[in-house]
There are 2 protein chains.
Amino acid sequence: MQLSATSQYAIRILVYMAGEKDSQSINAAELAETLLIPYKFLAKIMTSLVKVGLVESTRGKEGGYKLKKKASDIMVGDILDAFHESIKDEQCILGIGFCNGLCKCALHDQWMEPKFLLQKMFRESSLEDIAGRGCKR
Amino acid sequence: MQLSATSQYAIRILVYMAGEKDSQSINAAELAETLLIPYKFLAKIMTSLVKVGLVESTRGKEGGYKLKKKASDIMVGDILDAFHESIKDEQCILGIGFCNGLCKCALHDQWMEPKFLLQKMFRESSLEDIAGRGCKR
DNA sequence: TGCAATTACTACTTCAAGGTAGAATTTAAA
DNA sequence: TTTAAATTCTACCTTGAAGTAGTAATTGCA
C-alpha cells in the first residue's frame, strides 16, 4: 500500500523545483545529487514529465528543466496521473474488476472514506501548497 | 497505490472461509475454483497463512483448511501483517526514511488523516464484519 | 496394507518495476 | 567552428512479485 518509487521521486523532484527561484532552470545532475536519486533514473523520469507537459526542458549547454506551469497550478494528482497511478473512483481495494454498487467486494463500503480522502489529498495539494514544508527532501 | 495481489487474494480467501459453515474444512482446489485464483499460487498463500497462525490445515484425504480463530477475532490488518504490508505509523508517503515530526516530507501533514483512516479500516474490520457483504468474490 | 486425496516443499519461469550504460542530439559560448 | 554541457533515445541489466511444475509427506478409508 504505497506509491511506486517513480511517483515518489517525481513528486519530490517537482516539489523541489517549485521551491527554487522562479524561471531559473535546474539540471538533472544537480537534482540527482540534491535529492539522492540515481542520476540516470531521474533523467528517465524527467523525460516523462516533459512529455506529459508538467516540465519544460532546454538541451545543450546552460540547459536544464523548469516547471511549465505555476506551482499553484500543478497538483500532486497531476503527477500521479502522469504515471497512471492516481486513484480512480472505481478502483477496488481487493482488485475485483466489477466492484460497484451492484456487486461489491467485502471491503467496498469501508474503503469509500479513506479512498475519498486520498483522492482529496492528491487533487487539492498543489506544489505551491506543499513546497517549503519539511526538509527539502 | 494499491495492495499487492498476494494480500488481495489472502483477504478474499479468508473472507470466503469466514462465510462458510463453521468447523467445516475447505480445500485448496475448491477455493481456487470458486475465487478464480491460480491454484498453485493459492496453495503457496495458504501455507503462509498457516505459518502465521491464521489458518489451520490438515493434510491427506478429507483434509483442507479451517480458520484457526473466530471470524470476529481476525482483522484485515492481521492478514496484511502476514505479508508485511500493513501501514505503519512511520510510513512516509514519499518514501523518505526519516520522515517524522522533526524533519518531515512535503506531504507529511496531508498524509496523516488518510493514513489514519486506512489504519482504522484495517484494524477494525474483522472477517465477521465484512463476510457476507457483496458478491462472495 | 495400499491407494487416493490432500497439503508442503523446492525449484523454476515470467513479467514488470527499478535502475544502468552508452551513444545521439542539441545548444551556448569560447 | 569547435567544444563542452546538457537532454534524449535505445538497449540492456537487476530485482522482486507473480505464477507454475513436480515431487515429497501426510492421512483417511476401503
Side-chain angles (χ1 to χ4, degrees), chain A residues 1-14 17 24-68 79-80 82-85 94-97, chain B residues 1-14 17 23-68 79-80 82-85 94-96:
Chain A
M1 199 73 190
Q2 56 178 6
L3 296 176
S4 68
T6 301
S7 292
Q8 291 178 335
Y9 286 157
I11 295 170
R12 289 172 50 209
I13 291 165
L14 292 179
M17 289 174 70
Q24 181 178 320
S25 85
I26 186 172
N27 66 39
E30 188 177 338
L31 283 171
E33 186 175 12
T34 308
L35 300 176
L36 303 173
I37 298 171
Y39 170 71
K40 282 288 196 178
F41 193 27
L42 178 136
K44 187 187 281 188
I45 292 169
M46 294 314 290
T47 301
S48 300
L49 292 174
V50 169
K51 280 189 179 144
V52 87
L54 292 176
V55 164
E56 64 184 358
S57 64
T58 53
R59 296 164 96 164
K61 201 160 180 173
E62 309 286 294
Y65 300 100
K66 269 174 49 182
L67 294 185
K68 197 160 182 179
I79 308 171
L80 297 185
F83 301 101
H84 311 103
E85 210 181 344
L94 296 187
I96 297 186
Chain B
M1 200 74 187
Q2 56 179 6
L3 296 175
S4 66
T6 300
S7 293
Q8 292 178 335
Y9 286 157
I11 294 170
R12 288 173 50 210
I13 291 165
L14 292 179
M17 290 174 69
S23 72
Q24 182 176 323
S25 84
I26 187 171
N27 67 37
E30 188 177 338
L31 283 170
E33 186 175 11
T34 308
L35 300 175
L36 303 174
I37 298 172
Y39 169 73
K40 282 290 197 178
F41 192 27
L42 177 136
K44 190 188 280 187
I45 291 171
M46 294 314 291
T47 301
S48 299
L49 293 173
V50 169
K51 279 188 179 145
V52 86
L54 291 177
V55 164
E56 64 184 358
S57 64
T58 52
R59 296 164 101 163
K61 203 160 182 172
E62 310 286 293
Y65 300 101
K66 271 175 47 183
L67 295 187
K68 197 161 182 179
I79 308 172
L80 298 184
F83 302 101
H84 311 103
E85 210 181 345
L94 297 187
I96 296 185

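Reminder, nothing fancy here: chain letters follow the sequence lines and each chain counts from 1. The analysis underlying the following values was restricted to heavy atoms, covering all of them including side chains, and did not include hydrogens, waters or symmetry mates.
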For DNA chain D, which residues in residues 38-47 of chain B have a heavy atom at a distance below 4.0 Å?
Pro38(B), Lys40(B), Phe41(B), Lys44(B)
Give the nucleotide from the list dG18(C), dT27(D), dT7(C) with an atom nearest to the side chain of Ala28(B).
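Between dG18(C), dT27(D), dT7(C), the one nearest the side chain of Ala28(B) would be dT7(C).
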Would you indicate which nucleotide in dT7(D), dT7(C), dG19(D) comes nearest to any side-chain atom of Tyr65(A)?
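Nearest to the side-chain atoms of Tyr65(A), counting from C-beta on, is dT7(D).
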Return the 5'-most residue of the pair Ser57(A), Arg59(B) with respect to DNA chain D, ranking by each residue's nearest nucleotide.
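Final value for this comparison: Ser57(A).
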Base, sugar-phosphate or nothing for Phe83(A)? Non-hydrogen atoms, less than 4.0 Å.
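Contact class for Phe83(A): none.
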Which part of the nucleic acid, if any, lies within contact of Ala29(A), taking any heavy atom under 4.0 Å across all strands shown: a base, the sugar-phosphate backbone alone, or nothing?
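No contact.
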Apply side chain to side chain contact (heavy atoms under 4.5 Å, CB included) to the pair Leu80(B) and Met1(A), showing each step before the final yes or no.
CA-CA 10 Å; Leu80(B) 298 184; Met1(A) 199 73 190; over 6 Å; no
Please state whether the phosphate of dG19(D), meaning OP1 or OP2, lies under 4.0 angstrom from any side-chain nitrogen or oxygen of Tyr9(B).
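Yes, within the criterion.
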Using a cut-off of strictly less than 4.0 Å, decide whether Thr6(B) has a side-chain nitrogen or oxygen near OP1 or OP2 of dA18(D).
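For Thr6(B), the contact criterion (side-chain N or O under 4.0 Å from OP1 or OP2 of dA18(D)) is met.
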Interatomic distance, [X] [atom1] vs [N] [atom2] [rounded to whole Å]:
X: Leu31(B); N: dT7(C); atom1: CG; atom2: P; result: 9 Å
X: Leu36(A); N: dG19(C); atom1: CG; atom2: C1'; result: 16 Å
X: Glu62(B); N: dT7(C); atom1: CD; atom2: P; result: 12 Å
X: Asn27(B); N: dA8(C); atom1: CG; atom2: C1'; result: 15 Å
X: Gln2(A); N: dA17(C); atom1: CD; atom2: P; result: 14 Å
X: Glu56(A); N: dT8(D); atom1: CD; atom2: P; result: 11 Å

Between Glu85(B) and Ser4(B), is there a donor-acceptor pair closer than 3.5 Å when you use the side chain of the first and the backbone of the second?
yes
State the [atom1]-[atom2] distance between [X] and [Y], to the nearest 0.5 angstrom.
X: Glu62(A); Y: Asn27(A); atom1: CD; atom2: CG; value: 10.0 Å
X: Leu67(A); Y: Met17(A); atom1: CG; atom2: CE; value: 4.5 Å
X: Leu54(B); Y: Met46(B); atom1: CG; atom2: CE; value: 10.0 Å
X: Ile13(B); Y: Ile26(B); atom1: CD1; atom2: CD1; value: 10.0 Å
X: Thr6(A); Y: Leu42(A); atom1: OG1; atom2: CG; value: 11.0 Å
X: Leu49(A); Y: Leu14(A); atom1: CG; atom2: CG; value: 5.0 Å

Only Watson-Crick and G-U wobble pairs with both distances less than 3.5 Å should count. Give DNA chain C in dot-bracket notation, marking inter-strand partners with |.
||||||||||||||||||||||||||||||
Presence of salt bridge, Lys68(B) and Glu56(B), under 4.0 angstrom:
no
Pairwise 5' ranking along DNA chain C for Lys51(B) and Lys61(A), keeping only the more 5' one:
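Mapping each residue to its closest nucleotide by heavy atoms, the 5'-most match is Lys51(B).
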